[in-house]
Enquirer: 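Pasting in a structure now, in structure tokens, and then I'll have a few things to ask.
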2 protein chains.
Amino acid sequence: MDELPPDVALMWRLRETPRRGPKPTLSLDDIVRAAIEIADEENDLAAVSMARVAERLGNSTMALYRHVKSKDELLILMSDAALERPEPLPADVDWRTGLTFWADGVMTAVRKHSWYAKLPISGPPAGPNNLAWFDAALGALAGTGLPEEAKVGIAMGLITYVQGEMRMAMDLAAGFADNPDVFRQYGATLARVIDPKQMPALARVLDAGVFDEVGDFEQESDQDFDFGLQLYLDGVAAFIERVG
Amino acid sequence: MDELPPDVALMWRLRETPRRGPKPTLSLDDIVRAAIEIADEENDLAAVSMARVAERLGNSTMALYRHVKSKDELLILMSDAALERPEPLPADVDWRTGLTFWADGVMTAVRKHSWYAKLPISGPPAGPNNLAWFDAALGALAGTGLPEEAKVGIAMGLITYVQGEMRMAMDLAAGFADNPDVFRQYGATLARVIDPKQMPALARVLDAGVFDEVGDFEQESDQDFDFGLQLYLDGVAAFIERVG
DNA sequence: ACACCACTGCGTACCTGCTACGCTATTTAG
DNA sequence: CTAAATAGCGTAGCAGGTACGCAGTGGTGT
């Protein structure tokens, strides 16, 4: 009967509340919220330690372990709780508008928690919020008449791309904040180090000056994101035309 | 003059060798190789500790710090050294064959080091091996006549997608090895937990049985990878047609 | 030949972080 | 009222990163 994996049961808050024993002074929600707050404030997932979370809640470190089996489990809970539900799709939009809307939504949601991309992936989406996002992507494809399996493939690929892009963007942004010069000198550094005979294509890019003049970092990373997204969506369009 | 970032200088082995002092019994190559061996053997990046690396080399922990500034720096060196150079492109192939060849090459190279996707991203590619891969992707696009900036965008997007897919695949594979049942019951778990009224698109996918019958894991993850890759490449084709 | 000094390897020690274990206090079922 | 179940927590063990300073080593310049 109750064969749900423990993490999943916990994310859905499905464990039965005990009848005996002292009233808890601590709730799972409090713990997860405190952990997320710490990560947000420090902009650093590594700042989340069991001790720090407990301290913020005015409890001892070990008290947390009555509610959470391990720190890994806490991270899994964070990965679901940090994303609020997606806004519902505007009515009657075509799939492309829908997926663009969806991708922007993910972008905005994750941007609020720059540590999100550093979370270990523990399995396929299983928590309520993550599944809601998954459902939203599938919903955008509802009108296409594609077979369900293809919709899943498209949605998964999109999730992968978006998460990959976020990870890249966030890590680069962190590096940029630490040490802007490394980025500003990127073109110059490559020029110093590369042998044009061995890497001719890269040398041509350097000659064209693509890596000089790094402007606004965030803006440029947005442009890259959109560019890749449009490529992927063009691919989806081609696929729909081929199959439909 | 010598304004190269220290990590980059190290990856290219560009620091001048000291004239005085005892002969080193330890080389940077040894350290990086040992670290990679440990990660490979344990299939786990976390198994790489400074103490463990030193032990394998018959030295003390602190001796490593004469060659490497910190563990982070060691990780950066690993991220370049773990990927051997790409095989040269077959001559006279169109861009699509070239990029597919390239993506397969990345796949094979990274598969040898399943921990690779867990490495923190420290910045844009800067080591000799990483840049060689970057160059190879750009080289595959050489015949398209696209502006250099577009080539960079396409190559970056592709790298992002491939790395994201690897990360997903490797983490899921690890989870699957730990606990196969969670994956086999994925469909059943979702069915238990989802309200079809709130997530109709997902419910339809479940009804269609897409998540039942999980077959060979590795094979399926290969299929997903190819599917997404083809979508992206279709998008590139559309872009080339539009611009060229 | 000798003194100097940059450099390597390393022992020690400190700090942070996760968590197993067991005690005590609290609440409710019977 | 007693027993069982449960919450919080103090202690302690273990692992891992790394700052610091000492000892030995071997070119360099006098």
Side-chain angles (χ1 to χ4, degrees), chain A residues 6-7 9-10 13 15-32 34-35 38-39 41-42 44-78 115 118-120 122, chain B residues 2 6-7 9-10 13-32 34-35 38-39 41-42 44-78 115 118-120 122:
Chain A
D7 320 352
L10 216 53
R13 309 295 142 93
R15 78 177 166 183
E16 55 203 41
T17 58
R19 305 227 154 284
R20 286 185 253 199
K23 297 283 157 64
T25 66
L26 214 52
S27 81
L28 194 55
D29 291 290
D30 289 337
I31 295 174
V32 176
I38 293 171
E41 284 167 17
E42 304 283 324
D44 182 5
L45 187 59
V48 178
S49 71
M50 298 304 268
R52 186 108 181 256
V53 173
E55 185 193 19
R56 168 176 282 251
L57 296 167
N59 282 65
S60 80
T61 306
M62 293 312 292
L64 302 185
Y65 284 90
R66 291 283 172 204
H67 304 264
V68 151
K69 193 151 50 59
S70 68
K71 186 178 178 181
D72 281 339
E73 200 170 76
L74 175 57
L75 293 178
I76 292 176
L77 291 169
M78 289 172 72
W115 42 269
K118 287 246 172 69
L119 286 168
S122 49
Chain B
D2 197 16
D7 321 351
L10 217 52
R13 308 295 140 93
L14 287 181
R15 80 178 163 183
E16 53 202 42
T17 57
R19 304 229 154 282
R20 290 185 251 198
K23 297 283 156 65
T25 67
L26 216 51
S27 82
L28 193 57
D29 292 289
D30 290 336
I31 295 175
V32 176
I38 292 171
E41 284 166 18
E42 306 283 324
D44 183 4
L45 188 59
V48 177
S49 72
M50 299 304 267
R52 186 105 182 259
V53 172
E55 187 193 17
R56 169 176 281 252
L57 296 168
N59 281 66
S60 81
T61 307
M62 293 312 292
L64 301 184
Y65 285 90
R66 290 287 172 201
H67 303 265
V68 151
K69 194 152 47 60
S70 69
K71 185 178 180 181
D72 281 339
E73 199 170 75
L74 175 57
L75 292 178
I76 293 176
L77 292 169
M78 289 173 71
W115 43 270
K118 287 246 172 69
L119 286 169
S122 49

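For the numbers below, each heavy atom of this structure counts, side chains included, while hydrogens, waters and symmetry mates do not. Being a predicted model, the structure only gives us computed values, none of them experimental.
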Enquirer: Distance check needed: D:dG16 P versus B:R52 CZ, whole Å only.
Expert: 8 Å
Enquirer: What is the distance, to the nearest angstrom, from the CG atom on A:L57 to the P atom on D:dA7?
Expert: 16 Å
Enquirer: Taking the side chain of B:A63 as its heavy atoms from C-beta onward, which of D:dC9, D:dG27, C:dC10 lies nearest to it?
Expert: C:dC10
Enquirer: Quick one: which of C:dT8, D:dA7, C:dT19 gets closest to the side chain of B:P24?
Expert: C:dT8
Enquirer: Run the numbers on A:V48 and A:E42 for side-chain contact (heavy atoms from CB on, under 4.5 Å), then give the verdict.
Expert: CA-CA 9 Å; A:V48 178; A:E42 304 283 324; over 6 Å; no
Enquirer: Please pick, from C:dA29, C:dC7, C:dC18, the nucleotide with the shortest atom-to-atom distance to any side-chain atom of B:P22.
Expert: C:dC7
Enquirer: I need the CG-P distance between B:L64 and D:dG16, as an integer number of Å.
Expert: 14 Å
Enquirer: Quick one: is C:dT19 close enough that its OP1 or OP2 comes under 4.0 Å of any side-chain N or O from A:K69?
Expert: no
Enquirer: Measuring from A:K118:NZ to B:K118:NZ, what's the distance to the nearest 0.5 Å?
Expert: 14.5 Å
Enquirer: In whole angstrom, give the distance that lies between atom CG of B:N59 and atom C1' of C:dC7.
Expert: 15 Å
Enquirer: Give the nucleotide from the list C:dG9, D:dG16, C:dC18 with an atom nearest to the side chain of B:K71.
Expert: D:dG16
Enquirer: May I have the distance from A:L45 (atom CG) to C:dG17 (atom P), rounded to whole angstrom?
Expert: 13 Å
Enquirer: Which whole-number value in Å describes the distance from A:Y65 OH to C:dG17 P?
Expert: 12 Å
Enquirer: Applying side chain to side chain contact (heavy atoms under 4.5 Å, CB included) between B:I31 and each of B:M50, B:R56, B:H67, report the one that passes.
Expert: B:H67
Enquirer: Are any of A:H67's side-chain N or O atoms less than 4.0 Å away from OP1 or OP2 of D:dG8?
Expert: yes
Enquirer: Show, in sequence, the C-alpha distance, side-chain angles and deciding distance for A:L57 and A:T25, and conclude whether the side-chain contact (heavy atoms from CB on, under 4.5 Å) test is met.
Expert: CA-CA 10 Å; A:L57 296 167; A:T25 66; over 6 Å; no
Enquirer: Over all heavy atoms of both residues, which pair between A:L74 and A:V68 is shortest? Give the atoms and the distance, please.
Expert: N-CG1, 4.0 Å
Enquirer: Phosphate oxygens OP1/OP2 of C:dG9: is one of them under 4.0 Å from a side-chain N or O of B:T25?
Expert: yes
Enquirer: Hey, does B:R66 reach any base, or is it just sugar-phosphate, or nothing, if we go heavy atoms under 4.0 Å?
Expert: base
Enquirer: Which nucleotide wins on minimum distance to the side chain of B:R20, given the candidates D:dG17, D:dA7, D:dG27?
Expert: D:dG27
Enquirer: Between B:D30 (CG) and C:dG9 (P), how many Å, whole number?
Expert: 11 Å
Enquirer: Quick one: which of D:dT28, D:dG8, D:dT18 gets closest to the side chain of B:S70?
Expert: D:dT18
Enquirer: Return the nearest nucleotide to the side chain of A:S49; candidates are D:dG8, D:dT18, C:dG17.
Expert: C:dG17
Enquirer: When all nucleic acid strands are considered with a 4.0 Å heavy-atom cut-off, which category describes A:M62: base, sugar-phosphate, or nothing?
Expert: base
Enquirer: Could you say whether B:T61 or A:G58 is positioned toward the 5' end of DNA chain D, judged by the nucleotide with the nearest heavy atom to each?
Expert: A:G58
Enquirer: At less than 4.0 Å, is any side-chain N or O atom of A:K23 found next to OP1 or OP2 of C:dT28? Yes or no.
Expert: yes
